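Encoded as structure tokens, the structure appears first; notes follow it.
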Amino acid sequence: MLTLYHGANSVCSVKVRIVLAEKGLAWEGRHIDLPKGEHLQADYLKINPRAVVPVLDHDGVLIRESTVICEYLDGLGDATKLVPPGALAQARMRVWGVNTAEYHDSVNTLTFSSFQRRMLLAKSPEELAARWDAMPDKIRVRKTLDLMEHGAESIFVPVAFRRLQRMCAEMEEALAGHDWLLGPDYSLADAMLTAYVFRIHCLGMQAIWQSRFPRVSGWVERVAARPSWDAATAPWLDAAEVGRISAIGRETFTRKMFPEFL
Ligand SMILES: N[C@@H](CCC(=O)N[C@@H](CS)C(=O)NCC(=O)O)C(=O)O
């Protein structure tokens, strides 16, 4: 039995749900409400003392870290393998996996300086103090406080845009001559990257690739047309919610403020 501890609108959870959908694996969800702070409660800290989602429970054995979970899932079932054959292709795939830590940090910056900033600003000082106290990663706390205070004017925001632009440049280069990141076949690299692109899409920031990266734009159309895109997102994020997030994203990050990225 596969049980996924996940968040509705968590990028790392979307990443794992994409792989579950691509593999056609049966799974059960335990939803952890991040805005409410369920990941900071004692029960969940037993599942993951780092207080983050996702965590996979496979027959009672816990596996943490979304990139590791994705590769683990690919080893299960008889469906087509997403990990490519060959040491070189696998090395390239793992570089994408390692780089997702940076992509995650960057989309997290855009998230907490825009729509999740509003969620935090609506909390009372006591609720916020309890949240910061419970979060084990105090560097993440400091960064979130800065994003909450300064929004799009935080020093972290241009860094995040620059890194996401570099992600697009890396993808553009990898897509030369074929449809997918590792060659002619869809792979785990494409599945994992879809989650970060999905968050940028939700924020209405498609201009990051549409302005400068034609191959990435084509790739986004292809991943969005796969059934896994809707399967991994629609049950948890309806069109109205995506529309609400996009409106906040477009209001927060304007082309006038960030002409070199949008
Ligand atoms: N490296 C971890 C990162 C996990 C992570 O940061 N998850 C976010 C959601 S995408 C989270 O749980 N955030 C809780 C918080 O910010 O307090 C992974 O890829 O699994």
Side-chain angles (χ1 to χ4, degrees), residues 2-20 29-58 62-74 93-121 123 127-148 154 156 160 163-164 167 188-189 191-203 232-233 236-237 245:
L2 293 171
T3 305
L4 185 68
Y5 292 83
H6 66 132
N9 193 9
S10 130
V11 177
C12 310
S13 303
V14 169
K15 184 172 160 190
V16 173
R17 297 197 303 250
I18 295 265
V19 173
L20 285 162
R30 295 268 187 285
H31 185 250
I32 305 298
D33 191 324
L34 300 180
K36 271 197 194 154
E38 285 179 2
H39 58 305
L40 301 169
Q41 290 169 10
D43 280 358
Y44 186 71
L45 293 174
K46 286 185 204 142
I47 304 293
N48 191 350
R50 289 181 183 239
V52 290
V53 291
V55 172
L56 181 74
D57 176 333
H58 187 191
L62 299 177
I63 300 154
R64 305 183 183 112
E65 286 298 326
S66 58
T67 298
V68 175
I69 297 171
C70 288
E71 192 166 346
Y72 179 79
L73 288 172
D74 193 52
M93 180 203 82
R94 292 194 181 103
V95 171
W96 287 110
V98 168
N99 286 349
T100 62
E102 181 182 290
Y103 309 151
H104 176 261
D105 187 59
S106 307
V107 294
N108 169 277
T109 297
L110 299 191
T111 298
F112 279 90
S113 51
S114 61
F115 71 98
Q116 295 295 34
R117 175 174 187 246
R118 296 195 185 185
M119 175 278 290
L120 291 172
L121 288 172
K123 292 192 184 288
E127 282 175 301
L128 286 175
R131 195 174 181 103
W132 309 141
D133 192 44
M135 278 171 69
D137 182 344
K138 300 305 177 199
I139 291 182
R140 191 181 276 216
V141 171
R142 294 289 290 271
K143 177 186 157 191
T144 311
L145 281 168
D146 192 85
L147 298 173
M148 211 178 112
S154 162
F156 291 101
R163 285 173 161 188
L164 291 172
M167 173 187 87
L188 201 67
M192 292 192 293
L193 270 280
T194 301
Y196 306 95
V197 159
F198 176 74
R199 169 55 55 83
I200 297 168
H201 157 90
C202 279
L203 283 164
T233 60
W236 298 276
L237 277 167
I245 295 171

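Any value given below was found using the heavy atoms of this structure, including those in side chains, with hydrogens, waters and symmetry copies removed. Both ligands and their constituent atoms are indexed starting at 1 by order of listing. For clarity, every value in this text was computed on a predicted model and none was experimentally measured.
Remark: minimum distance from atom 1 (N) of ligand 1 to any protein heavy atom is reached at E65 OE1, 2.7 Å. When only non-hydrogen protein atoms are considered, atom 3 (C) of ligand 1 lies nearest to C12 SG, 3.9 Å. Nearest to atom 20 (O) of ligand 1 among the protein's heavy atoms is S66 N, 2.9 Å. Protein heavy atom at the shortest distance from atom 17 (O) of ligand 1 is H39 NE2, 2.9 Å. What sits closest to atom 9 (C) of ligand 1 on the protein, heavy atoms only, is S10 OG, 3.5 Å.
Of the possible donor and acceptor atoms, none in the side chain of R117 sits under 3.5 Å from a partner among the backbone N and O of F112. A donor-acceptor contact shorter than 3.5 Å is absent between the side chain of K143 and the backbone of K138. Without hydrogens or angle criteria, R199 side chain to H104 main chain gives no donor-acceptor distance under 3.5 Å.
For atom 7 (N) of ligand 1, the nearest non-hydrogen atom from the set T67, V68, V53 belongs to V53. With distances taken over non-hydrogen atoms, the option nearest atom 6 (O) of ligand 1 out of R140, R131, R50 is R140. Taking only non-hydrogen atoms, the option from V52, T144, T111, L40 nearest to atom 11 (C) of ligand 1 is V52.
Under a 4.0 Å criterion applied to the non-hydrogen atoms of P54, ligand 1 contributes the atoms 20 (O).
The shortest separation from a heavy atom of V11 to ligand 1 is under 4.0 Å, placing the residue in contact.
Taking all atoms of both residues into account, the shortest heavy-atom contact from A160 to S106 is CB-O, 3.5 Å.
Between Y72 and H58, the two ring planes are perpendicular [angle over 60°; tilted spans 30° to 60°].
The closest side-chain donor-acceptor pair between T67 and T100 falls under 3.5 angstrom.
A salt bridge is absent between R30 and D57; no separation between the charged side-chain nitrogens and carboxylate oxygens falls under 4.0 Å.
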